[in-house]
Each structure stands twice: as structure tokens, then as C-alpha cells.
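Beneath this line is the structure, given in C-alpha cells, with notes to follow.
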There are 2 protein chains.
Amino acid sequence: MTRRSDRHQHLTLRDVSEASGVSEMTVSRVLRNRGDVSDATRAKVIAAAKRLGYVPNKIAGALASNRVNLVAVIVPSLSNLVFPEMLAGVEEGLEGTGLQPVVGTTGYDPEKEERVLFEMLSWRPSGVVIAGLEHSEASRAMLGNCGVPVVEVMDVDGEPIDAAVGISHWRAGYQVGAEIAARGYRRVGILGTRAHGDHRARKRIEGLERALSEAGIGVADQMAYEGMSGFAKGREMTADMLARTPDIDFLFYTNDLTGAGGLLYALEKGLDVGGALGLAGFNAFTLLDGLPRKLATVDSRRREAGRIAAEIVCGRRVLEGEDRRLELVPTLLPGDTMRAVSTA
Amino acid sequence: MTRRSDRHQHLTLRDVSEASGVSEMTVSRVLRNRGDVSDATRAKVIAAAKRLGYVPNKIAGALASNRVNLVAVIVPSLSNLVFPEMLAGVEEGLEGTGLQPVVGTTGYDPEKEERVLFEMLSWRPSGVVIAGLEHSEASRAMLGNCGVPVVEVMDVDGEPIDAAVGISHWRAGYQVGAEIAARGYRRVGILGTRAHGDHRARKRIEGLERALSEAGIGVADQMAYEGMSGFAKGREMTADMLARTPDIDFLFYTNDLTGAGGLLYALEKGLDVGGALGLAGFNAFTLLDGLPRKLATVDSRRREAGRIAAEIVCGRRVLEGEDRRLELVPTLLPGDTMRAVSTA
DNA sequence: ATGAAAGCGCTAACAC
DNA sequence: GTGTTAGCGCTTTCAT
């Protein structure tokens with residue numbers, strides 16, 4: 001019999017048991033509010049635990065009970081505000097359940113996603129909320145076999161593993177495209193990423209292109225960027241695009257932040273924003289309310305997606321039917337950077 | 001003898017052991033890259049694990065080994081960009097160590113902080129990174145007794161429990177105040193929270209007030225706000241303050257976002273921004289690069305604080321001396337919303 | 001290089 | 001209402 005502990009000693013149930021003169025089992029019951037315990041015993045135990053500063057060991061508890069109050073939440077990044085906002089929704093949806101979100105980030109990299117997922121699943125969470133529907137085969141296999149609810153959020157364009165909640169970015173893009181056409185714009189430029197891991201931005205662009213092409217309009221120019229989005233990127237790209245394709249009459253940014261940069265630039269240059277030149281961003285970031293003009297944008301309803309995903313994970317909400325997708329409808333907010341619908 | 005498992009069955013080492021004809025112990029060694037295992041055995045084990053889709057149970061592993069590769073990171077919120085940025089620094093500092101950050105949010109509420117901390121410590125993380133130096137007595141006790149490195153970040157104005165890394169917000173505020181005075185402004189308004197849990201904002205204001213008072217200047221007006229900061233809040237407060245205290249000549253915002261709103265408002269009203277009216281924000285958010293004017297601000301070096309905290313937690317960096325505080329020096333970026341230093 | 005035995009700290013199940 | 005027993009799935013230790 002080897003006791004292998006010369007490292008830092010944590011208090012155990014046994015310590016509380018000895019200090020209070022109550023069996024370990026009863027101490028355990030008190031600390032978890034389980035079963036019937038007399039008020040006297042309960043008081044003794046609580047006093048002892050508090051006095052000693054006992055912090056239970058959830059590792060042992062989880063192993064013994066096969067229950068873990070953790071929900072894995074996996075997102076590409078926390079630097080893009082949409083993900084913290086979705087996460088806020090998850091916290092909201094988990095409130096009062098005793099479940100706790102644990103966040104992992106993938107950096108838009110499928111292989112890192114795989115590693116993070118493996119790591120998180122090895123803690124046996126009670127559920128998984130993961131951004132997007134595009135995952136490596138290995139990731140899909142892990143998610144399919146993990147035995148707990150899995151909700152893919154912020155996108156419904158694709159086949160969910162288990163359940164999916166969010167807007168259709170393709171249709172959101174389509175809606176913007178249709179609106180652009182309806183308002184009589186004909187030379188549309190697209191500014192944003194279509195490359196690497198941002199499938200939602202890609203789908204928005206594809207939907208937009210489709211709507212334009214159905215209206216007989218092509219994409220006049222397109223420009224991608226790398227790195228963090230911000231006003232400076234938007235300014236820069238806008239300047240470049242207007243220089244190389246001067247007859248552009250509408251600029252669609254895949255992100256409000258670059259859109260705001262473009263808006264500021266266009267206003268400074270004295271361009272007829274909202275008239276001859278239309279602008280639109282995407283996501284409807286509240287923090288941007290208060291720009292000189294209200295940028296046209298689309299509310300991607302990420303917070304709601306997070307909340308509903310959490311509700312599904314904890315069984316508060318059940319998705320019925322064979323198609324386990326819950327499509328949220330994005331709201332197009334025309335702001336004042338698009339001209340009125342043409343009656344031509 | 002009761003087997004208590006009719007729920008979802010996870011694979012265990014035993015399954016891999018049986019499938020590969022190798023003892024559990026050796027399987028364990030292979031999967032952890034520990035000890036000497038022949039190449040043949042290793043290959044067999046890896047093949048079997050992969051084929052079965054085995055995901056190890058870290059709960060059991062952690063219990064047996066008394067080792068957990070988790071670092072608790074506790075922040076007030078993820079909606080304020082400074083915290084995700086700090087977190088990015090933590091991830092950077094943990095890279096290659098096998099340690100993983102686990103995030104908890106407190107909503108600026110000391111009691112929730114206590115609960116989150118208790119919850120996280122009960123998973124026996126290998127270290128704790130926590131924002132701020134102000135905690136409830138119970139929280140301080142838990143942190144002091146948890147037996148792992150604890151680093152308080154983003155502030156050094158106070159007594160750390162174990163170690164602290166960040167800027168002094170008081171001194172940063174003082175620096176801004178000194179600069180305001182040096183540039184000849186005399187009627188300073190403060191826009192931002194000094195209330196509830198945001199101690200850093202409070203300290204900035206206190207430092208600012210001190211510098212002003214040393215220069216013989218009082219605070220001409222002050223206004224606090226609730227809820228999320230954004231451009232709209234900045235505009236609104238600015239309008240209100242200029243209306244009620246028209247002779248204000250400098251506006252200090254505790255946050256760049258409200259500052260940016262104020263800047264946009266002031267420019268629209270045709271005010272002499274950077275001349276008769278000075279403006280400054282705080283934090284130096286990169287995403288705002290590209291405003292019509294470069295808002296004066298202070299880089300709070302939160303990413304670096306996160307990185308260094310992580311390095312301390314994992315033992316890559318050691319803080320020497322009796323004062324276990326590492327003070328980062330904030331950079332004042334005057335931008336173009338303050339007039340030149342007066343030579344009066 | 002591989003295996004056997006013991007036990008990490010807790011809780012489910014069952015006795016009293 | 002409270003106590004006893006037997007593990008949870010893994011790793012440490014020690015034997016071979």
C-alpha cells in the first residue's frame with residue numbers, strides 16, 4: 001500500500017468527516033444537497049467544511065458519478081466579437097442548470113479544431129456547442145460518437161451531425177443581393193474573405209452572387225483581406241477598390257467593422273453614400289450604433305443561436321422532426337447607406 | 001459487486017487493450033508517449049485506438065496522476081474586447097506547454113466571482129490567471145490556499161495574492177492627466193464608469209484627478225453610464241455633457257469605444273477637435289485605427305499581461321524579489337485629438 | 001520492454 | 001437519517 005502524496009495536499013472529504021464527526025458519505029450528501037440529512041448534522045458539516053476551506057474535488061466526483069457539469073463550446077476565435085456574443089447566449093441558456101460552458105478556440109484551423117475537440121471530449125462534457133457545420137472527418141466522427149448532445153451553431157447551410165441552430169448565411173447574402181438589385185445598383189464590389197476557414201463569410205458571398213446573377217448583375221470587383229478586421233482595413237480596401245474599379249456603385253463588406261471603415265472613408269471623400277454609392281456590412285454590431293450614417297447590415301442572431309443551442313444541450317428545448325435544424329431568420333437592416341427601392 | 005453502467009458507454013483502456021492484445025498498462029504508456037515501448041507494440045496500440053475511436057478519459061487520468069493540464073482564466077466579461085485580447089496573450093504564453101486555458105466569467109460581480117472560482121478550483125487546475133486585484137475575502141482565501149500559481153492580471157495597484165502583472169491604471173490615468181494639463185486644457189470632463197466592479201476604470205479616473213489637481217485643475221464635470229460601451233453611448237454622453245457644461249475643453253473617456261463616439265459627434269458638430277477641444281480614450285483598440293482622427297489613448301498592454309501571466313503559471317518565467325508584481329509601462333498615444341504641448 | 005496490484009477522492013447502491 | 005462497501009478508469013509503483 002503506497003500513499004503517493006508529498007505534493008501539495010488538498011483537503012478531502014475525509015478531513016471534513018473527521019473534523020465534523022460525521023461519515024464521509026453523509027458529508028458528501030450535505031455538500032451536494034442530496035438525500036435526507038438532519039438539520040443538526042447538516043449544520044455541523046457545513047461549519048466544518050467552511051472552517052477548513054474545503055473545496056471538493058470534482059475530478060473524483062465526476063469519475064464516481066459519471067456526471068460532468070461542463071458544456072464544451074468551440075469557436076474559431078474570441079477576437080471576432082460574434083463569438084463572445086454567441087457565448088453570452090450560451091451562458092444565458094445555461095443559467096440555472098448548474099452547467100458551465102468551457103470554451104476552446106480553433107483559430108479557424110480544422111486540425112486545431114480536431115485537437116481541441118479531442119481534448120475537450122476527453123473531459124466528458126455533458127454537451128457540445130460548436131460553431132459551424134464544416135469539420136474534418138475525424139471531428140465529425142468524434143462528435144457523432146461522443147454520446148452527448150451536439151449542437152452546431154451560427155449556420156444551417158449543410159448537414160448537421162446532431163442538431164444545428166443559426167441563420168443561413170447563404171440566404172442572408174442572397175437577401176442582401178436581392179435588395180441591392182432592387183435598389184438599382186448595378187456594379188457591385190465585394191470586400192471580404194472568401195478564403196480559409198470562414199465558411200460563413202464564403203456562403204454570404206455565394207448567396208449574394210447568386211441573387212445578383214439572377215438579377216442579371218455580375219460582381220464588378222472583389223477583394224479579400226487577411227488578419228483582423230478593423231476600420232483601417234475597410235478604408236484601405238475601399239480606397240483600393242474604388243481606384244481600380246471606379247464605376248463601382250455598391251460595396252458589400254462581409255463584416256461591419258470593415259464596412260464602417262469604408263463608410264468613414266467614403267464620407268470623407270464626399271462620395272454620395274446612400275445615393276450613388278451604396279454600402280452594406282454584416283452582423284449588426286451594436287457597438288457601431290452611432291456611426292455618422294447607419295450602415296446597412298444584417299443581424300446574424302448569434303446570441304439567440306447560442307441561447308437556443310444551450311437550451312437544446314440541457315434538454316430544455318427539443319428539436320422535433322427528421323431535420324434537426326432550427327433556422328433563425330436574419331433581419332436585413334437597410335440603415336441609410338442604400339438608396340430607396342427603385343420603381344423603375 | 002455492482003456495475004453501474006447502462007448509460008452511454010465510452011471506450012476504456014481495457015477495450016483498446018483487448019483489441020490490441022496488449023496490457024492496459026502498456027496501452028496507457030503508448031497513448032501518453034511514456035516509457036519504453038517497442039515499435040511493434042506501439043504501432044499495434046495506436047492502430048487499435050484509432051480504429052475504435054478511443055478518446056481517453058482525462059477525469060480518470062487526472063485523478064490517478066494528480067495532474068491536470070488546465071489553467072483557470074477568470075475575467076469579468078468577454079464582451080469587453082480587452083478580456084479576449086488578454087486571453088489571446090494567455091494562449092500565446094501557454095503554447096507548447098500542453099496546458100489549456102479554461103475561461104470563466106464573473107459579470108463584474110464579486111459573488112459570482114466567488115462561485116466561478118470555487119467551481120474552477122474544484123477541477124484542480126494547474127494555475128489561475130484572474131483579472132484584477134480586488135476579490136472577496138473568501139476568494140482571496142481560496143486563491144491563497146489552492147496550492148498552484150495564481151497570477152492577477154491587468155492591474156498592479158494593490159496587494160497581489162501571489163503574483164501580479166499589468167499596468168498601473170492609476171499611473172496611466174495620472175499620465176493622461178499630466179498630459180492634459182501640459183497641453184493647456186483647464187476644464188476637463190470625465191465620461192465613464194467609476195461605479196460597480198470596474199476597478200481599473202475607477203483607478204484611471206482617480207489617477208487623472210490627482211494629476212489635474214496637482215496642476216491646479218479640478219474636474220469640471222463627470223458622467224457615468226451603464227451597459228455596454230459603444231459609439232452611441234459616447235455620442236449621447238458627449239452631447240449631454242457639452243450641453244450642461246458648455247465651457248468644457250477636454251473630454252476623457254474611460255473607454256475607446258465611447259471616446260470614438262464622442263469624436264464622431266464632435267467632428268459632426270464642427271467642434272475644434274484636437275484644438276480647443278481635446279479628447280482621449282483608453283485601451284488603444286486596434287480595430288478603431290481608421291477613425292477620421294486618431295483618438296488619443298493609452299495602450300493598456302493587456303495581451304502582454306496575459307502572455308506573461310501564462311509564462312509565470314507554467315514556470316517559464318520566474319518573478320524574483322519580495323514584491324511579486326510585474327508592472328508594465330503603458331504607452332500614451334497622443335493621436336491627433338490633443339493640441340500641442342503649450343509653452344506658456 | 002511489459003505486466004500486476006493498489007489506490008487517486010468521490011458517489012451509487014445497499015444495509016441498518 | 002446515517003453508515004458500509006465497492007468501484008469509476010486511469011496511473012504509479014514495483015516486479016519481472
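Every chain is numbered from 1, with letters handed out A, B, ... down the list of sequences. Quantities reported herein were computed from a predicted structural model and do not represent experimental measurements.
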Atom pair distance, as rounded to whole Å: CG in B:Asn33 and C1' in D:dT11: 15 Å

Length of the CE-P vector between A:Met25 and D:dG1, whole Å: 15 Å

Length of the CG-C1' vector between A:Leu13 and D:dG3, whole Å: 14 Å

Below 4.0 Å: OP1/OP2 of C:dA1 and any side-chain N or O of B:Arg29: no

Side-chain-base donor-acceptor pair under 3.5 Å for B:Arg124 and C:dG9: no

Atom pair distance, as rounded to whole Å: CG in A:Leu31 and P in C:dT11: 8 Å

Under 4.0 angstrom between A:Ser28 side-chain N/O and C:dT11 OP1 or OP2: yes

From C:dG7, C:dC10, C:dA4, nucleotide with atom closest to B:Ala64 side chain: C:dG7

Distance-only polar pair, side chains of B:Ser28 and B:Arg32, donor-acceptor under 3.5 Å: yes

Donor-acceptor side-chain pairing of B:Glu85 and A:Ser79 below 3.5 angstrom: no

Salt bridge (charged side-chain N to carboxylate O under 4.0 Å, His left out) between A:Arg140 and A:Glu137, intermediate numbers included: CA-CA 5 Å; A:Arg140 290 183 64 87; A:Glu137 209 171 315; over 6 Å; no

Distance-only donor-acceptor check, side chains B:Glu114 and B:His135, under 3.5 Å: no

Axis deviation across the helix from C:dA1-D:dT16 to C:dC16-D:dG1, five-pair ends, to the nearest 10°: 30°

Residues in contact with DNA chain C, drawn from residues 35-62 of chain B - heavy-atom cutoff 4.0 Å: B:Asp36, B:Val37, B:Ser38, B:Thr41

Heavy-atom closest pair, residues A:Gly166 and A:Ala305: CA-CB, 4.2 Å

Check ion pair A:Glu311-A:Arg317 (N to O, under 4.0 angstrom): yes

Residue pair A:Lys58, B:Glu119: steps toward the salt bridge (charged side-chain N to carboxylate O under 4.0 Å, His left out) verdict: CA-CA 9 Å; A:Lys58 288 232 180 202; B:Glu119 182 74 22; 3.1 Å; yes

Between C1' of D:dT5 and CZ of A:Arg14, the distance in whole Å: 14 Å

Atom CD of B:Glu111 with >12 non-hydrogen neighbours under 6.0 angstrom: no

Atom-pair distance (CG on B:Asn66; C1' on D:dC10), nearest Å: 13 Å

Nearest-neighbour nucleotide for the B:Leu63 side chain, D:dG3, C:dT11, C:dC8 considered: C:dC8

Under 4.0 angstrom between B:Arg34 side-chain N/O and D:dT11 OP1 or OP2: no

A:Glu24 side-chain proximity, nearest of C:dC10, D:dT13, C:dA12: C:dC10

Evaluation steps, salt bridge (charged side-chain N to carboxylate O under 4.0 Å, His left out), between B:Glu92 and B:Arg303: CA-CA 9 Å; B:Glu92 188 184 335; B:Arg303 183 180 179 114; 2.8 Å; yes

B:Thr26 side-chain N/O to C:dT2 phosphate OP1/OP2 under 4.0 Å: no

